[in-house]
Amino acid sequence: MSSSQPPSGERNPLGLDELIAILVAFGTMGAILFWVTGKNPDRLNARNWQFPAVFSQPAVTPASPGILTPESPSSDLRSPAKTLLPSEPDAAPVGPLGPVLPQNPPVGVIVVPPKPIARSTPAPAITKPKADKPKADKPKVGPVRFSDVPDKYWARPFIVALVDRKIFTDFTDSKFRPDEPMTRAELARLIQRMSDDKEPIRKAIDFKDVKDKSPVAPAIDHTVKTGYLKGYPNNEFRPDKQIPRVEVIAALASGLSLKPSTKATKTLQLYTDRAKVPKWAVNKVASATEAGIVVNHPKRALLQPNKTATRAEVAAMVYQAMAKKGQVPAKSSEYGVKPLKLPK
């Protein structure tokens, strides 16, 4: 027969399975709540919630509102400091990439800007401008160098000296043309330049083959009036004729008024080809030999009086004539003829 007594007011104790289920339920709810508040505390307005140490770190209270406060060194979180702003429940904030300053801070709130990061790169050194050094004097131009007159050329010292003194000026393309023949008109130009200060001793001759407007007419007139050159019969000068060596020697001896000091035939014994010297030029050649004007290349004893004079040979003898006048220093040459002291 069933009992009609009401059930007892005492509750049966919970079993082990029920207790475990309750703990799991509460743990799950706490984990979800902790995850939501940690992800977006402003949305649930749970900024001031306190959780047991099991679920969260202690809240950090800033020293004053609006001031950036770095996290404690012992904190395991390495996120940058954040600026405290009023919560906006309806807006989903985006995590800042760095320190954030409010665009319009409230009145009375002090905002400390972040300090600039010091760069390790040193500042560029400041150098003082160097004072301009005085410009060095330009190097002096040396003597003219000719491609066809090498350093060891036998007449180079005479050629360079006359070119430097502007006695020789008719050269182009850095070539002197030392082996080309010399004309009577060209010799007249050289003599005019070397003796332009000499007073005339005779009258000019009106040569029929020299026009008044010819560029060589002044030089020819000068050499005739100063006694260096003469004409040919029939009142001819023959300016374009290639001049032989004997005429060059005779012209220089005549212009310098040289006279032999001994018998001319004895002086000419120096030359192995003395028999080829024209009779009218014997005294001129002898006096020029005594004065040291004659230069013979390639053999000093070979005069070659009737050979056409080259530009190099004329340069050597014109320079020796200027040295005789004291216009230039004397130059020694293995091809310069030195007269022997012969008995009178």
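All values below come from the heavy atoms of this structure, side chains included, with hydrogens, waters and symmetry mates left out.
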Let me check something: any side-chain donor-acceptor pairs from residues 184-193 under 3.5 Å, sequence neighbours excluded? List them with distances.
residue : atom : partner : partner atom : Å
Arg184  : NE   : Phe237  : O            : 2.7
Arg184  : NH1  : Glu247  : OE1          : 3.1
Arg184  : NH2  : Lys230  : O            : 2.8
Arg184  : NH2  : Phe237  : O            : 3.3
Glu186  : OE1  : Thr183  : N            : 3.1
Glu186  : OE1  : Thr183  : OG1          : 3.4
Arg193  : NH1  : Ile167  : O            : 2.7
Arg193  : NH2  : Thr169  : OG1          : 3.3

With Arg165 via salt bridge (charged side-chain N to carboxylate O under 4.0 Å, His left out) - residues at least two apart:
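Arg165: no salt bridge (charged side-chain N to carboxylate O under 4.0 Å, His left out) contacts found.
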Qualifying side-chain hydrogen bond (donor to acceptor under 3.5 Å, both in side chains) pairs with a residue from residues 217-226, counting only residues at least two apart or across chains:
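Residue pairs with at least one partner in residues 217-226: Ser195-His222.
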When you measure from the side chain of [X] to the backbone N and O of [Y], does any donor-acceptor pair fall under 3.5 Å?
X: Asn296; Y: Ala301; answer: no
X: Gln327; Y: Met194; answer: yes
X: Lys331; Y: Ala161; answer: no

Can you list everything that forms a ring pair (Phe, Tyr, Trp, His ring centres under 6.0 Å) with Tyr153? Sequence neighbours excluded, please.
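By the ring pair (Phe, Tyr, Trp, His ring centres under 6.0 Å) rule, Tyr153 matches no residue at all.
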Phe158: partners by ring pair (Phe, Tyr, Trp, His ring centres under 6.0 Å), with sequence neighbours left out
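Expected list: Tyr319.
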Atom of [X], atom of [Y] and distance for their closest heavy-atom approach:
X: Val295; Y: Gln320; value: CG2-CG, 4.0 Å
X: Trp154; Y: Ala316; value: CZ3-CB, 4.2 Å
X: Thr289; Y: Val285; value: OG1-O, 2.7 Å

Test of understanding: with side-chain contact (heavy atoms from CB on, under 4.5 Å), list the residues that count as partners of [X], not counting sequence neighbours.
X: Asp273; value: Tyr271, Lys276, Leu302, Leu303, Gln304, Pro305
X: Ala253; value: Leu258, Lys284, Ser287, Ala288
X: Asp206; value: Asp212
X: Ser147; value: Lys175

Salt bridge or not between Asp151 and Arg156? Use side-chain N to carboxylate O under 4.0 Å.
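Yes, Asp151 and Arg156 are salt-bridged.
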Could you go through the side-chain contact (heavy atoms from CB on, under 4.5 Å) check for Ile205 and Asn235 one step at a time?
CA-CA 8 Å; Ile205 300 175; Asn235 202 26; 3.2 Å; yes
Applying side-chain contact (heavy atoms from CB on, under 4.5 Å) to Lys324 and Leu252, what does each step give before you reach the verdict?
CA-CA 11 Å; Lys324 178 65 177 179; Leu252 296 176; over 6 Å; no
Give me each pair satisfying salt bridge (Lys or Arg N to Asp or Glu O under 4.0 Å) with a member in residues 23-32, each pair once, sequence neighbours excluded.
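Output for this query is empty, none listed.
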For residues 310-319, which residue pairs qualify under salt bridge (Lys or Arg N to Asp or Glu O under 4.0 Å), counting only residues two or more places apart or in two chains?
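Checked against salt bridge (Lys or Arg N to Asp or Glu O under 4.0 Å) - neighbours excluded - the pairs reaching residues 310-319 are Asp170-Arg311, Arg245-Glu313, Lys307-Glu313.
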In this structure, are over 12 heavy atoms from other groups packed under 6.0 Å from Lys325 atom NZ?
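Yes, because the 6.0 Å sphere around NZ of Lys325 holds more than 12 heavy atoms from other groups.
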Is it the case that the side chains of Lys241 and Tyr232 hold a donor-acceptor pair, with the cut-off being a distance below 3.5 Å and no angle test?
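Short answer, yes.
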Under the ring-ring contact (aromatic ring centres under 6.0 Å, His included) definition, can you give me all pairs with a residue in residues 173-192, not counting sequence neighbours?
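Listed once each, the pairs are Phe146-Phe176, Phe168-Phe176.
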